[in-house]
Amino acid sequence: MFGLVDGNNFYVSCERVFQPRLDGCPVVVLSNNDGNVVSRSAEAKQLGIAMGAPYFEVRALLRRHQGHALSSNYALYGDMSRRVMARLADQAPAVEVYSIDEAFLDLHGLTTYCGSLDERARTIRRDVLACTGIPTCVGMGPTKTLAKAANRLAKKYPELQGLLRLDTESRRERALRALPVADVWGIGRQYAQLLAAHSIGTAWELAGVSEAWARKHLGGVVGWRLIQELRGQPCQGLLPSEDGTLARRSIRCSRSFGQRLTAFEDLWGAVTTYLSRAAEKLRAQGDQAHVLTVFLSQDRYDPRLPPPHTRSTTLTLPGGPTSHTLQLLAYARRLLERLYEPGRVYVKAGVVLDGLEPPGRGQQLSLFAPAAPALVPAPEAGRAQQLMRTLDRLNRQFGRGAVRPAATNIPGRQPAPWQGNAQYRSPAYTTRLEDLLLVR
DNA sequence: TCTGGGGTCCTAGGACCC
DNA sequence: TCTGGGGTCCTAGGACCC
């Protein structure tokens, strides 16, 4: 049996822990650059504010109802998430951290020692709320997909008191009949539209399609698995997370700019900033990357620009895997030169690190080793590695970006031209001493 | 005027191999 | 006029998730 625990309106709930004045009124949290709504309080949902709505479209409505909009504060949400996950790790034999606000639990055998599963789930909710201030819902089922479905319904119907267990045939049928197909885990906009055209409106009807049909229309083996899981046949196990963190298979850092950019050196400053951050994350998880991608995006809302709006270019690093910022930057510069076209107007850039593996494992030595491009001397060895360790330590101690590549600093341009907006940012209450909440 | 960021998995086409 | 079959790897892009 799987459990799925999910924080209610997670970002808004995090903000409310430290700002009780936000209780009871419509509150939204905005994406980077204060662009879109990414978290809504129940009151904001009631006003009809949609997930992902552009802020400029809902600003007036929110103001009319004495609502609040906040910039996203990932330092706060990340730390609150860590606290929630630590509570869950105490309550179940195995936990898979699935996202910043969600975790799958292994509930196998818990009934024997701890009363009924429902009692157990109630205890978990009470404990998380008491220790972190975050309200949650719990869904339970024999597959991950059914646990997700149960969680969705527990959120939707208050009379369930934040809790639903789908462990019998009749409960499964009742639940799936009540669940719109668009709310099924794995069904997005495109598939929901296609299913509607075939008169499939509920999860129950979706569970009834043939395996061949699912394979044909819902992404091959992915669709087949989805149907199996809805019927109660598990196709995915629990992937336990070590120490509450997730080892990533890829690391990405990208941002929309605060203004449109056309100059190469401005774009290079942005790419340098993002790649420095990505490499820092890479080293923090103890890996090296073998594949590097750089991408540039133009305005996808401009009707004069035909798609694709994003162009990317990828390189398998000829010198082998590395986690060295300066070496990665040397490659990234080449990729950006390949991508950049003078005269184009760019709104966003980003980098992706793939092919992650721990250092020293199965590395292929170049046949032409001495002639390999020596972009940075002795990449992972000795002094270079020490340099990165020292860089990371200084930035931990003195704040992100205290020591950084010179390309991220464009003389006479403060703030940097790619810097986004975050007008309504709350303090980092739990991770910056200066931001500690004062109670008088 | 203003439209996010960071992940996963899968597929398709081309280059190249035997 | 006719022009193999079966692989892998690389790159780019598209679906989905929160």
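Chain letters run A, B, ... following the sequence lines, proteins first and then strands; every chain starts at 1. For clarity, every value in this text was computed on a predicted model and none was experimentally measured.
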What's the spacing between Lys144(A) NZ and Trp185(A) CH2 if we round to 0.5 Å?
5.5 Å
Quick one about Ser71(A) and Asp34(A) (side-chain donor to acceptor, distance below 3.5 Å, no hydrogens or angles considered), yes or no?
yes
Against the side chain of Arg252(A), the closest entry in dA15(C), dG7(B), dG4(B) is dG7(B)
Between Tyr301(A) and Lys281(A), the residue closer to the 5' end of DNA chain B by nearest nucleotide is Tyr301(A)
Once you round to the nearest 0.5 Å, how far does CG of Leu179(A) lie from CD of Glu205(A)?
11.5 Å
Classify the nucleic acid contact of Tyr191(A) as base, sugar-phosphate or nothing, counting any heavy atom under 4.0 Å across all strands shown.
sugar-phosphate
Which part of the nucleic acid, if any, lies within reach of Asn33(A) when heavy atoms closer than 4.0 Å are counted: base, sugar-phosphate only, or nothing?
nothing
Would you give the length of the straight line joining atom CD of Gln236(A) to atom CG of Leu226(A), rounded to the nearest 0.5 angstrom?
9.0 Å
May I ask you to say what Thr293(A) touches in the nucleic acid, namely base, sugar-phosphate or nothing, with a heavy-atom cut-off under 4.0 Å?
nothing
Among dT3(B), dA12(C), dC16(C), which nucleotide has an atom closest to any side-chain atom of Ser312(A)?
dA12(C)
Check the distance between dC18(C)'s P and Trp185(A)'s CH2 and give it to me in whole angstrom.
8 Å
Just checking Ile187(A): base, sugar-phosphate only, or nothing, at a heavy-atom cut-off of under 4.0 Å?
sugar-phosphate
Of the candidate nucleotides dC10(B), dT3(B), dA12(C), which contains the atom at the shortest distance from the side chain of Pro54(A)?
dT3(B)
Rounded distance in Å - CZ (Phe104(A)) to P (dC17(C)):
12 Å
Do the side-chain N or O atoms of Ser250(A) get closer than 4.0 angstrom to the phosphate oxygens (OP1, OP2) of dT8(B)?
yes
Of all the nucleotides listed (dG6(B), dT11(C), dG4(B)), which has the minimum atom distance to the side chain of Cys253(A)?
dG6(B)
What does Glu102(A) touch in the nucleic acid at a heavy-atom separation under 4.0 angstrom: a base, only the sugar-phosphate, or nothing?
sugar-phosphate
Of the nucleotides dC18(C), dG13(C), dT8(B), which one has an atom closest to the side chain of Pro308(A)?
dG13(C)
With a 4.0 Å cut-off on heavy atoms, is Ile251(A) in touch with a base, just the backbone sugar-phosphate, or nothing at all?
sugar-phosphate
Between atom CG in Leu315(A) and atom P in dC10(C), what is the gap in whole Å?
11 Å
Separation of dT8(B) atom P from Gln236(A) atom CD, nearest Å, is 14 Å
Does Arg277(A) put a side-chain nitrogen or oxygen below 4.0 Å from OP1 or OP2 of dG6(B)?
no
Selection from dG4(B), dT8(B), dG5(B) that lies nearest to any side-chain heavy atom of Arg248(A)
dT8(B)
Write down the distance between CZ (Arg255(A)) and P (dG4(B)), rounded to a whole number of angstrom.
13 Å
Would you kindly give the CG-to-P distance between Leu282(A) and dG6(B), to the nearest whole Å?
15 Å
Please report the distance, rounded to the nearest Å, between NZ in Lys144(A) and P in dC18(C).
13 Å
Looking only at atom C1', what distance separates dG4(C) and dC17(B), rounded to whole Å?
14 Å
Does the side chain of Thr272(A) come under 3.5 Å of the side chain of Arg404(A) through a donor N or O and an acceptor N or O?
no
Students often get this wrong, so: under 4.0 angstrom with heavy atoms, is Asp34(A) touching a base, only sugar-phosphate, or nothing?
nothing
Atom CZ of Phe295(A) to atom P of dG13(C): distance rounded to whole Å?
12 Å
Counting only Watson-Crick or G-U wobble pairs whose two distances fall under 3.5 Å, which nucleotide matches dC10(B)?
dG13(C)
Assign each of Val221(A) and Arg260(A) the nucleotide of DNA chain B bearing its closest heavy atom; nearer the 5' end lies the nucleotide of Arg260(A)
Under 4.0 Å from OP1 or OP2 of dC9(C): is there any side-chain N or O of Thr316(A) that close?
no
With sugar-phosphate meaning primed atoms plus P, OP1 and OP2, does Arg300(A) contact a base, only sugar-phosphate, or nothing at under 4.0 Å between heavy atoms?
sugar-phosphate
Testing dA15(C), dC17(C), dG4(B) for proximity to the side chain of Lys148(A), the answer is dC17(C)
Arg59(A) to Phe56(A) six-membered ring, cation-pi geometry met (6.0 Å, 45°)
no
Could you check whether Arg83(A) pairs with Asp79(A) (Lys NZ or Arg NE/NH1/NH2 to Asp/Glu carboxylate O, under 4.0 Å)?
yes
What is the nucleic acid contact for Val37(A), judged by heavy atoms within less than 4.0 Å: base, sugar-phosphate only, or nothing?
nothing
Would you say a side-chain N or O of Ser256(A) is under 4.0 Å from OP1 or OP2 of dG5(B)?
yes
